[in-house]
Structure formats: C-alpha cells, structure tokens
Protein chains: 2
Amino acid sequence: MKPTFVGCMVESRPPANPLFLREEELRQGIELMFYAYRDFTFESDQQLKRYGLGRAHHRALYFIGRHPGHTVGHLLSILKVTKQSISRVLKDLLEQGYVEQKSGARDRRERLLWLTEKGQALEQELTGRQSQRFARAYRETGAEAVDGFRKVLLGLLDPAERAIVDKRVRGGAR
Amino acid sequence: MKPTFVGCMVESRPPANPLFLREEELRQGIELMFYAYRDFTFESDQQLKRYGLGRAHHRALYFIGRHPGHTVGHLLSILKVTKQSISRVLKDLLEQGYVEQKSGARDRRERLLWLTEKGQALEQELTGRQSQRFARAYRETGAEAVDGFRKVLLGLLDPAERAIVDKRVRGGAR
DNA sequence: CAAATAGGTCAATACTATTGACCTTGTCAA
DNA sequence: TTGACAAGGTCAATAGTATTGACCTATTTG
C-alpha cells in the first residue's frame, strides 16, 4: 500500500486525530504502570519465597514499619482488605516473631503493632531491593521527572483518598 | 529534648542528612506506587466480578486487543506467567466468545489471538474506567508531569526489559 | 530423520482474598 | 447500670491466580 500524499508520511501515524492520540497516550500510561509494577514486585516476591512468606506479608511488614504503634484497623484502611485476610498474615508474622503487639492504652480493644528487630531486618531486606530500583530510576531521570511521577501517581488515586494518602506519605503520621 | 541551635529548626526535620532524606523520598515513591495501583485496579475488578471474570482475564483481553493476531507465546512474554496459568484464562475467554484464535500461516503450531466484537466491547468497558482515571490525572498534572511519570516508570523496569517495553508501548508492534 | 519449539493438559499445591455468621472485649452515653 | 456500638478475632466455605512437574501432540527445521 503506497502513500499517495507523501507530505503526510513524515510520521508513521495520521497527524490530525487528537482523540486517537489521547487514547493512545492513556493506554501507554496504563501499560507502563502494568510493566513497572510487574518488575517492581518480582525481586521481593522471590526473596519472600525463601522465607515461606508472600507479598501480603511484605505489605503488612512495610506499613507496620512505616506506622509503628498503629492499630490493626489503620492497617486495614491502608491495605483495603478484610480483617479475615489481614488476620492470617498477622498471625504468621506474630508467630514467627517479626511483629509484636500491645493493647492500646487509650482504648484497650485496640491492638497496636510494631516490628521486632527481626521484623525490621526482614523489612529492610525486602524493601531494600525495591528502594534500589527506585533510586536507580530517580537517578536516571532527574528531580523534575520524579516530581511529575509523584504528581501523576497522586492524581491516579480516588479523589477521596488523596488528602489522606498525601498526608500519610509525606508526614508518616496517621 | 530541646533544640540547642534554633536556626536548624525552621523545618521540622533535621536538615543535614541527605541519606535520610533520600530513603524517605524512595519510600514515598514505593508507597505512592502501591496506593495508585490499589485504586487503579479497584473499579475494573468490581466490573469484572459482574461477568464472573478476574483481573487476569482483563490483562489477557487488554494485551490481545493491543496486539491483535499475536501468539500465545508473545502474551506469555508480556505477562510473565506460566502457560498453565494463561491457559485457564484463555479457555474461559474462548468459550465465552470474547477471543478467537486462528492457527498461524507462517507456523501452524502457533495460535494467533484476536478479540471478537464482544471481546472488544468488554475490553473497552473495563479499560475505559482506567483510561478515565488516567485522563483525569493527566489533565490535572500537565504534560510535563506526564512526561516525568512515563520516564520514571520506564526507569523502574528491569534494564533488559526497557528497550522491549518502550518499543512495545510506543509502537504497538511486537 | 532427529531435535527443538509452540502449545496443551493433568495433578498437586500455595497464596490471597472474599462473604457470612458469630463471638469477646471494651467504650461510652443515656 | 444497662444497652448500643466499635475493635478485633475466628470458623467455614469458596474463588481466583499462580506455581512446579510430568507428559503429550503437532510442527518446524537442521
């Protein structure tokens, strides 16, 4: 199939279709997100296998380390899973001495969670690989790109979540 | 513990610790990635339930639509799962008429995959919600941020994957 | 023809998650 | 003090996704 109007063929796609370009652009974002998440989780998943743990355990370790002394309920609101689901994970981590709990002083129904030293070590080991990946990406792309990256990720959140997550991520506080 | 040198206390964190700041910055990226992915997948997962399908079915639909006429092997190399895993998903999609296959002309061992019209409709419905989320985020943050977002996501990939993914994402070709 | 490749299949197992029902402990207000 | 409600746990059933391992067919290719 030969081009009849060579002037249009400088680029490989038809030029005057902004809607098409937009959908294309959006799909590229979706795909990159998939590919990045795929690779981002791979290494720590491998590491977790050696400990007989899964990705859910890493998530719990991560957020308990990030928010020490916070409640099970807070963890649930971060992970957005059911308590039956987190319960299995916490049971494993408590039994194996990665996490310890104390009942709340303010409200004694609450279980406050901390990483033990062993838990901190494992969390560091698991997150370390992911941090290195981020460090490499940040180094290669520069501060401006990193800023854009963070802005878009925040923009992808449910609107109701943004303020909460932004505060949680920046402040470390609840 | 009172500050002895008030000049340092303009900001709430100690200033002269670049290593700490760097780790903090990396963890913020990791977390935002988690939160964004969590919200990004939620809506289409809900929609999938109504069809009795799971996220794996969406992934297959997505990439078959994105790379029509490509082989099962190519799909495997994108998703990085085993053939036993994709097999279940493809069986469902074929049986329910979302996907059709033809044996390859070049190599008759190959199964080339296409979406049916029904498959295209479902894929559009599922991806549409995610596209809208991306469109909103892109609109709110601007072209520069989007560019940074994409650069960092590419940087997060395994180095061996980058050229492949970059080409796949931009070109649509294998 | 023999080796390699694309793909499928059966079986066992594991991890993550859900819904639903029901329980204990503790808080707080009427 | 009692009753409503909240934090959290537990048992059971089910589902979705994925793995490893073994073995099979059809087809291509050296």
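Hydrogens, waters and symmetry mates are skipped; everything else that's a heavy atom, side chains included, is used. Throughout, a chain's letter reflects where its sequence line sits, starting with A, and its residues are numbered from 1.
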By a strict heavy-atom criterion of less than 4.0 Å, which residues belonging to residues 80-100 of chain A are in contact with DNA chain D?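 Listed by number, they are A:K83, A:Q84.
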Return the residues of residues 31-49 of chain B meeting this criterion: a heavy atom under 4.0 Å from some atom of DNA chain D. Order them by number, or give none.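 Heavy-atom contacts with DNA chain D come from no residue of residues 31-49 of chain B; none.
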Given atom CG of B:L75 and atom P of C:dG7, what is their separation to the nearest angstrom?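 Rounded to the whole Å, the gap is 10 Å.
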Nearest-Å distance, CG (B:L79) to C1' (D:dT19)?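 Checked: the CG to C1' distance equals 15 Å.
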Mind checking whether B:L156 and B:M33 have side chains closer than 4.5 Å, heavy atoms only?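 Yes, their side chains come closer than 4.5 Å.
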Does B:R133 have any side chain to side chain donor-acceptor pair (under 3.5 Å) partners at least two apart in sequence or in another chain, and if so, which?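 Per chain and number, B:R133 pairs via side chain to side chain donor-acceptor pair (under 3.5 Å) with A:D158, B:E43.
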Checking A:D39 against B:K80 for the side-chain contact (heavy atoms from CB on, under 4.5 Å) test, could you report, in this order, the C-alpha distance in whole Å, the side-chain angles of both residues, the deciding distance, and whether it holds? CA-CA 10 Å; A:D39 288 3; B:K80 297 245 186 105; 4.0 Å; yes
Please, which pairs that meet salt bridge (charged side-chain N to carboxylate O under 4.0 Å, His left out) have at least one residue in residues 134-147 of chain B, sequence neighbours excluded?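 Sorted result for residues 134-147 of chain B: A:R162-B:E140, B:D147-B:K151.
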Does C:dA17 have OP1 or OP2 sitting under 4.0 Å from an N or O in the side chain of A:R55?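 So the side-chain polar atoms of A:R55 never come under 4.0 Å of the phosphate oxygens OP1 or OP2 of C:dA17.
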Any A:H57 side-chain nitrogen or oxygen under 4.0 Å from OP1 or OP2 of C:dC15: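 The answer is no; no side-chain N or O of A:H57 sits under 4.0 Å from OP1 or OP2.
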All ring-ring contact (aromatic ring centres under 6.0 Å, His included) counterparts of A:F134, not counting sequence neighbours: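 With sequence neighbours excluded, A:F134 shows a ring-ring contact (aromatic ring centres under 6.0 Å, His included) to A:F40, A:Y138, given in chain and number order.
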So, A:R150 versus B:Q28: side-chain donor-acceptor pair below 3.5 Å or not?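 A donor-acceptor contact under 3.5 Å links the two side chains.
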Within the side chain of B:R38, is there an N or O that forms a donor-acceptor pair under 3.5 Å with the backbone of A:I78?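 At least one qualifying donor-acceptor pair exists.
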All side chain to side chain contact (heavy atoms under 4.5 Å, CB included) counterparts of A:R50, not counting sequence neighbours: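 Checked A:R50 against side chain to side chain contact (heavy atoms under 4.5 Å, CB included); matches are A:Q47.
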Residues in side chain to side chain contact (heavy atoms under 4.5 Å, CB included) with B:S85, at least two apart?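 B:S85 satisfies side chain to side chain contact (heavy atoms under 4.5 Å, CB included) with B:V81, B:T82 only.
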Testing the basics here: between A:V152 and B:A137, what is the closest heavy-atom pair and its distance to 0.1 Å?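 Reported closest heavy-atom pair: O-CB, 4.0 Å.
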Contact state string [nucleotides 24-29 of chain C, B base, S sugar-phosphate only, - no protein heavy atom under 4.0 Å]: -BBS--
Just to verify, what does B:R108 make a salt bridge (charged side-chain N to carboxylate O under 4.0 Å, His left out) with, not counting sequence neighbours?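 Checked B:R108 against salt bridge (charged side-chain N to carboxylate O under 4.0 Å, His left out); zero matches.
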Donor-acceptor pairs under 3.5 Å, side chain of residues 93-105 of chain B to any protein atom, not counting sequence neighbours: which ones?
residue : atom : partner : partner atom : Å
B:Q101  : OE1  : B:R111  : NE           : 2.2
B:Q101  : OE1  : B:R111  : NH2          : 3.3

Expected rows: protein N/O vs nucleotides 12-14 of chain C N/O, under 3.5 Å:
none

For residues 51-65 of chain B, run the donor-acceptor check on the side chains, cut-off 3.5 Å, and write out each pair with its distance to 0.1 Å, sequence neighbours left out.
residue : atom : partner : partner atom : Å
B:Y51   : OH   : B:E125  : OE1          : 2.8
B:Y51   : OH   : B:E125  : OE2          : 3.3
B:R55   : NE   : B:D45   : OD1          : 3.3
B:R55   : NE   : B:D45   : OD2          : 3.2
B:R55   : NH2  : B:T41   : OG1          : 3.4
B:R55   : NH2  : B:D45   : OD2          : 2.8
B:H57   : ND1  : B:G54   : N            : 2.9
B:H57   : NE2  : B:D92   : OD2          : 2.9
B:H58   : NE2  : B:T127  : OG1          : 3.1
B:Y62   : OH   : A:R27   : O            : 3.4
B:Y62   : OH   : A:E31   : OE2          : 2.5

